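All figures in this text were calculated on a predicted structure; none of them were measured in a lab. The sequence lines fix the lettering, A, B, ..., with proteins before strands; numbering per chain opens at 1.
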Amino acid sequence: MDDRYNPEKVESRWQEYWEKNRIFRASEDESKKKYYLLEMFPYPSGKIHMGHVRNYTIGDVVARYKRMNGYNVLHPMGWDAFGMPAENAAIDNKTHPATWTYQNISTMKGQLKRMGFSYDWEREVATCKPDYYRWEQWLFLKMLEKDMVYRKESYVNWCEHCQTVLANEQVEDDSCWRCGEMVQQKKLFQWFFRITDYAEDLLIHCDKLPGWPEKVTLMQKNWIGKSTGSEISFKIETDACNAPCNDTSCKSKESNKDINKTQIKEDYIKVFTTRPDTLFGATFMCLAPEHPLVESLSKGTEQESAVAAFVDKISKQERSSSSIEKYEKEGVFVGAWCINPANGRRMPIYTANFALMEYGTGAVMSVPAHDQRDFDFAKKYNLDIVVVIQPKDRETLDPSTMIEACPDPGVLVNSGKYNGMDNFEAMDKITSWLEKEGLGKKTISFRLRDWGISRQRYWGTPIPVIHCESCGVVPVPESDLPITLPEDAHLLDNGGSPLPTLDFFKQAACPKCGRTDAKRDTDTMDTFVESSWYFVRYCSPHCSNAMFDKDAVKYWMPVDQYIGGVEHAILHLLYSRYFMRVLNTLGLIDFKEPFTNLLTQGMVLKETLKCPEHGYLFPEEAKISDGKASCTKCGKDVEIGRVIKMSKSKKNVIDPNDLLNKYGADITRLFCLFASPPEKGLEWNDDGVEGCYRFINRVWRLAALCMDIAKDVKAYNGPLAELSYSDAKKLYTKAHQTIKKVTDDIEGSFHFNTAISAVMELVNAMYSIELNAASSEEVKSVALFCIEHIILLLSPIVPHFAEEVWELMGKKSGTITEQSWSSYREDALVTDEILVVVQINGKLRSKFAIDANSSDELIQKTALADEVVQKYIEGKDIKKVIVVKKKLVNIVV
RNA sequence: GCCUGGGUGGCGGAACUGGUAGACGCAAGGGACUUAAAAUCCCUCGGAGCAUAGCUCUGUACGAGUUCAAUUCUCGUCCCAGGUACCA
């Protein structure tokens with residue numbers, strides 16, 4: 001045996017062995033319990049970084065652990081291979097997105113293999129391959145048939161200079177990241193999945209996912225955002241000119257006529273409100289700038305141009321939620337009024353940037369006294385504030401002295417016949433009254449919006465429809481699938497998709513009428529679509545006549561344990577849940593929830609570095625000392641940015657290759673796990689890796705020692721009571737406690753850091769006893785038991801190392817990968833003495849050891865008799881003594 | 001802004017359901033072994049103070065509160081991270 005663990009020699013040897021013997025190949029076997037362990041597949045951005053290493057190490061340990069527990073484990077890996085970075089790289093490096101992507105896949109696959117992960121590589125999928133995305137196109141057609149997809153106009157970020165659509169990430173400070181031009185919004189017809197049809201179901205099942213972290217289901221619930229309230233109709237005031245009159249030259253009459261003819265189908269504005277109880281306090285109305293009434297109501301009034309200018313300004317602004325919130329709340333009077341149905345009040349109608357067309361009805365009844373946003377708006381534009389809810393135990397609210405809105409519950413005032421009523425009761429009463437009058441009803445509204453999937457990009461799944469002037473939108477016939485992405489395309493320097501410029505792709509015959517001048521849709525799908533069903537494809541990745549093999553899916557799905565970054569808590573996980581509902585509705589599967597258990601890993605973080613000349617820098621491109629950094633290329637001062645999640649686009653990534661070259665896969669794996677528990681974020685720093693290296697070698701030497709001195713003895717695994725030496729007893733107990741601790745830590749919470757600590761403690765305990773050739777047979781055989789289980793417990797974490805030691809220890813019954821997980825004896829867990837601490841007034845003053853079976857009375861007596869305790873309680877009244885069994889005594893004096 | 005988490009020594013972290021704060025490891029300092037170095041082993045290690053075998057006070061972002069007892073529960077404040085619908 002070498003005197004030290006040699007990763008270079010050992011790791012490749014075992015990797016070859018596993019691969020050659022197809023150890024990790026999974027196949028359906030009805031006689032065995034299945035376990036589908038999945039880690040989120042990576043986007044092939046270049047090289048793997050520590051975030052990947054951490055995620056995949058966690059998964060691999062679980063996979064190996066479950067395998068040792070007798071499960072038939074499916075542990076696949078693949079590539080989320082479509083996406084924008086491939087296009088950006090193609091422009092920057094003058095390559096093709098496919099070339100770049102496949103090269104990255106090859107590099108990253110090599111790195112993953114070098115980590116020794118136990119994947120069944122025979123199931124690898126890459127979403128950019130036609131044999132994958134053809135089934136996505138197929139599903140799109142099925143969804144189209146069932147009206148689960150539709151087209152509508154919606155906005156995209158548009159750079160006029162580059163003549164291209166920008167992703168939110170490509171917009172920096174309202175400007176294009178390539179040219180700096182101010183970004184505008186452009187309306188385009190786009191495809192949407194009707195995810196809102198499942199809003200209620202997705203919401204209800206959030207509470208039926210006990211294997212998910214509560215924070216994730218909570219975030220999803222808030223994202224879906226169900227609110228119950230009322231829809232209320234406000235009559236639009238028709239001015240005097242609409243009454244019969246003889247003045248034919250009246251301008252306003254003309255314009256009103258025009259409105260009646262073309263735009264206004266009903267003369268009511270519908271709002272959604274969660275606070276119908278405050279209806280009497282509604283003093284003005286706010287419409288979303290895109291609301292159809294905004295244009296029609298303002299037309300012909302003196303506000304027309306001001307409104308048009310406002311709408312134009314808003315339409316150019318960014319539309320992401322975070323940006324919208326950034327803008328100051330503002331609005332413009334549209335030149336018309338509506339009538340509050342409760343009290344007949346004339347309410348001016350505004351259009352305001354905080355009213356969102358996507359939410360509710362696109363109109364908000366504003367109650368400034370009881371809503372902060374409305375309050376601010378009313379103050380800004382000098383609008384009336386009327387208090388209608390008076391909280392109990394608070395002085396009477398007075399609009400003239402209020403400095404903020406009061407959203408609290410209370411009793412109704414200024415509300416006609418509802419005065420004095422509790423506001424919760426009033427919600428129902430007012431809504432019922434409105435319902436009777438035909439002016440309102442109870443409604444439910446969701447924050448969740450339909451999923452827009454059209455992307456004006458090249459590197460994605462083509463949307464399989466054809467646009468024909470005669471027939472409109474025509475689905476591509478199933479037999480024509482896949483619609484393959486043309487590979488002989490060159491990315492445009494402006495970042496736009498080349499697809500609309502490729503006539504051979506774009507031109508198509510209409511499948512319905514045969515017209516030869518029809519046009520193929522040149523948009524591709526959002527890449528979240530691919531990742532919403534890849535885990536189903538893994539069950540039968542080579543199935544060529546269907547999206548998946550039903551039996552294989554029935555056997556493997558749902559995923560038993562899903563592991564991935566918490567960054568995906570909402571979008572990816574919600575879309576995947578939605579997709580399973582679609583497949584379920586289409587009768588393709590019989591379950592709805594894809595992931596039974598979920599572990600969301602915390603992000604691996606690193607500061608960003610930005611050089612004024614070279615932009616973002618990789619960590620190795622900057623020299624850092626004393627909190628200052630300089631660029632290795634130009635020497636200029638580098639701005640050290642915030643500590644954020646590792647991502648290729650910000651270049652704050654750590655390539656694991658340096659660690660792998662120096663320490664090998666096992667120590668890298670061990671260190672990643674030891675550094676912190678998985679759910680916690682981790683600011684990257686490899687300072688502790690040396691300790692892991694030392695630990696592995698301590699175990700290595702310990703194994704060598706045991707083999708040397710205990711050649712002729714067998715490992716002891718009998719009852720604790722049959723041991724006689726105190727060293728042997730202590731060690732034996734410690735070993736069983738360690739097995740329990742490690743098992744519990746993995747099983748309960750995946751807290752590998754504390755599991756590893758426990759093994760370290762056992763190793764330390766072995767080093768602390770006299771262990772040599774002269775030791776008793778009993779101590780030797782307990783030591784042998786310990787080292788065998790140390791290796792078994794560590795084997796999912798450091799598998800190469802464990803295989804090597806296992807083999808060197810002369811284990812003949814197969815590799816360690818195929819061994820059973822260690823089990824502990826209850827009888828060996830208990831010690832006969834316990835430590836009791838004594839507090840006086842909650843402060844620790846003394847401790848003593850006592851027989852583990854002592855009664856509370858005896859413990860209390862012993863505590864009071866304690867010498868140190870005596871000193872403290874002398875001459876004082878003992879008010880109370882609290883005994884926490886087998887642990888603590890607190891004496892209150 | 002909004003939603004969700006988090007904040008414990010010089011550092012990563014530990015502490016079961018409210019019951020010994022700092023397990024395990026890193027770094028640092030001291031020592032042993034060695035011609036030397038590496039490796040290995042041993043000791044110290046939150047802060048302050050004192051009459052220094054030890055003892056006392058203080059300490060889990062900050063400020064209040066509940067409790068015999070709070071890192072743990074409640075309220076408020078600050079800071080950091082993730083998401084915010086076209087990054088994946």
Inset, instruction - Treat a base pair as Watson-Crick or G-U wobble with both distances under 3.5 Å, then lay out RNA chain B in dot-bracket form, 5' to 3', with | for cross-strand pairs. - result: (((((((..(((......[....))).(((((.......))))).(((((...)))))..(((((..]....))))))))))))....
Inset, instruction - Could you work out which one of B:rC86, B:rA88, B:rG82 sits closest to the side chain of A:Arg455? - result: B:rC86
Inset, instruction - Please state the C1' separation for the pair B:rG13 and B:rA21 - nearest whole angstrom. - result: 13 Å
Legend entry - N-O pairing of A:Glu679 and A:Lys215 below 4.0 Å: no
Inset, instruction - Using a 4.0 Å heavy-atom cut-off across all strands, classify A:Val884 as base, sugar-phosphate, or nothing. - result: base
Legend entry - Phosphate OP1/OP2 of B:rG5: any A:Lys215 side-chain N/O under 4.0 Å: no
Legend entry - Side-chain donor-acceptor contact under 3.5 Å, A:Asp450 with A:Tyr150: yes
Legend entry - Minimum-distance nucleotide to A:Trp223 side chain [options: B:rU84, B:rU56, B:rA81]: B:rU84
Inset, instruction - Give the nucleotide from the list B:rU20, B:rA88, B:rC86 with an atom nearest to the side chain of A:Tyr43. - result: B:rA88
Inset, instruction - State whether A:Arg319 places a side-chain N or O below 4.0 Å from either non-bridging phosphate oxygen (OP1 or OP2) of B:rA85. - result: no
Inset, instruction - Name the nucleic acid region contacted by A:Tyr5, choosing base, sugar-phosphate or nothing; use a 4.0 angstrom heavy-atom cut-off, strictly under. - result: nothing
Inset, instruction - Examine B:rG12: is either OP1 or OP2 under 4.0 Å from a nitrogen or oxygen in the side chain of A:Asn753? Give yes or no. - result: no
Inset, instruction - Look at the side chain of A:Gln190 and the base of B:rC86, then say whether one donor and one acceptor between them are separated by less than 3.5 Å. - result: yes
Inset, instruction - Using the C1' atom as the reference point in each nucleotide, state the distance between B:rC3 and B:rC73 in Å, no decimals. - result: 23 Å
Inset, instruction - Specify the glycosidic conformation (syn or anti) of B:rG9, with syn defined as within 90° of 0. - result: syn
Legend entry - C1'-based separation of B:rG54 from B:rU66 [nearest Å]: 36 Å
Legend entry - Whole-Å P distance, B:rG22 and B:rU60: 14 Å
Legend entry - Pairwise C1' distance for B:rG18 and B:rG65, with rounding to whole Å: 15 Å
Inset, instruction - Indicate, with a heavy-atom threshold strictly under 4.0 Å, whether A:Phe695 touches base, sugar-phosphate, or nothing. - result: nothing
Legend entry - Out of B:rG25, B:rG19, B:rU40, whichever nucleotide has its closest atom nearest the side chain of A:Ile882: B:rG19
Legend entry - Separation of B:rC68 P from A:Lys876 NZ (nearest whole Å): 19 Å
Legend entry - Which residues share a side chain to side chain donor-acceptor pair (under 3.5 Å) with A:Arg447, sequence neighbours left out: none
Legend entry - Rounded distance in Å between the P positions of B:rC50 and B:rC33: 37 Å
Inset, instruction - Report the distance from atom CG of A:Leu571 to atom C1' of B:rA85, rounded to the nearest whole Å. - result: 5 Å
Inset, instruction - Scan A:Ser531 against the nucleic acid and name what it touches under 4.0 Å (heavy atoms): base, sugar-phosphate only, or nothing. - result: nothing
Inset, instruction - Check whether any side-chain nitrogen or oxygen of A:Tyr575 sits under 4.0 Å from OP1 or OP2 of B:rA88, and answer yes or no. - result: no
Inset, instruction - Please determine if a side-chain N or O atom of A:Arg457 lies less than 4.0 Å away from the OP1 or OP2 oxygen of B:rA88. - result: no
Inset, instruction - Determine, for A:Lys380 against A:Glu328, whether the closest basic-nitrogen to carboxylate-oxygen distance falls under 4.0 angstrom. - result: yes
Legend entry - Sub-6.0 Å ring centroid separation between A:Tyr693 and A:Trp700: no
Inset, instruction - When you get a sec, tell me which of B:rC24, B:rC86, B:rG82 is the closest nucleotide to the side chain of A:Ser757? - result: B:rC24
Inset, instruction - Scan side-chain atoms only and decide if A:Asp376 and A:Gln372 contain a donor-acceptor pair under the 3.5 Å cut-off. - result: yes
Inset, instruction - Please tell me which of A:Leu166 and A:Leu218 maps to the more 5' nucleotide of RNA chain B, matching each residue to the nucleotide holding its nearest heavy atom. - result: A:Leu218
Inset, instruction - Give the nucleotide from the list B:rG82, B:rU4, B:rC86 with an atom nearest to the side chain of A:Asp526. - result: B:rC86
Inset, instruction - Look at A:Arg694 and B:rC26 and indicate whether a side-chain polar atom (N or O) is within less than 4.0 Å of OP1 or OP2. - result: yes
Inset, instruction - Report yes or no: is there a donor-acceptor pair, N or O only, under 3.5 Å between the side chain of A:Gln170 and the base of B:rC86? - result: no
Inset, instruction - Using only side-chain N and O atoms of A:Ser676, determine if any of them is under 4.0 Å from OP1 or OP2 of B:rG12. - result: no
Legend entry - Any A:Lys645 side-chain N or O less than 4.0 Å from OP1/OP2 of B:rG83: yes
Legend entry - Whole-Å P distance, B:rG63 and B:rG59: 9 Å
Inset, instruction - When you get a sec, tell me which of B:rG19, B:rG25, B:rG13 is the closest nucleotide to the side chain of A:Asn890? - result: B:rG19
Inset, instruction - Would you mind classifying the nucleic acid contact of A:Lys843 as base, sugar-phosphate or nothing, using non-hydrogen atoms under 4.0 angstrom? - result: sugar-phosphate
Legend entry - Rounded C1' spacing from B:rC80 to B:rC26 in Å: 23 Å
Inset, instruction - Determine: side-chain N/O of A:Asn222 to OP1/OP2 of B:rU4, distance under 4.0 Å, yes or no. - result: yes
Inset, instruction - Name the closest nucleotide to the A:Ile570 side chain, picking from B:rG13, B:rG83, B:rU58. - result: B:rG83
Legend entry - Below 4.0 Å: OP1/OP2 of B:rA85 and any side-chain N or O of A:Ser321: yes
Legend entry - Nearest listed nucleotide, side chain of A:Glu567, among B:rC41, B:rC68, B:rG83: B:rG83
Inset, instruction - Scan A:Asp3 against the nucleic acid and name what it touches under 4.0 Å (heavy atoms): base, sugar-phosphate only, or nothing. - result: nothing
Legend entry - Partner of A:Phe528 under ring-ring contact (aromatic ring centres under 6.0 Å, His included), chosen from A:Phe579, A:Tyr575, A:Tyr43: A:Tyr575
Legend entry - Any A:Arg449 side-chain nitrogen or oxygen under 4.0 Å from OP1 or OP2 of B:rA85: no
Legend entry - Among A:Ile756, A:Asp686, A:Asp687, the one residue meeting side chain to side chain contact (heavy atoms under 4.5 Å, CB included) with A:Phe671: A:Asp686
Inset, instruction - Return no unless some side-chain N or O of A:Lys680 is found under 4.0 Å from OP1 or OP2 of B:rG13. - result: yes
Inset, instruction - Starting from the 5' end of RNA chain B, give me the residue, A:Lys741 or A:Glu679, whose nearest nucleotide shows up first. - result: A:Glu679
Legend entry - Side chain of A:Leu888 (C-beta onward), nearest among B:rA85, B:rU20, B:rC87: B:rU20
For residues 77-91 of chain A, which side-chain N or O atoms pair as donor and acceptor with protein atoms under 3.5 Å away, sequence neighbours left out?
{"from": "A:Trp79", "atom 1": "NE1", "to": "A:Glu124", "atom 2": "OE2", "distance (Å)": "2.8"}
{"from": "A:Glu87", "atom 1": "OE2", "to": "A:Tyr458", "atom 2": "N", "distance (Å)": "2.9"}
{"from": "A:Glu87", "atom 1": "OE2", "to": "A:Trp459", "atom 2": "N", "distance (Å)": "2.6"}
{"from": "A:Asn88", "atom 1": "OD1", "to": "A:Arg178", "atom 2": "NH2", "distance (Å)": "3.0"}

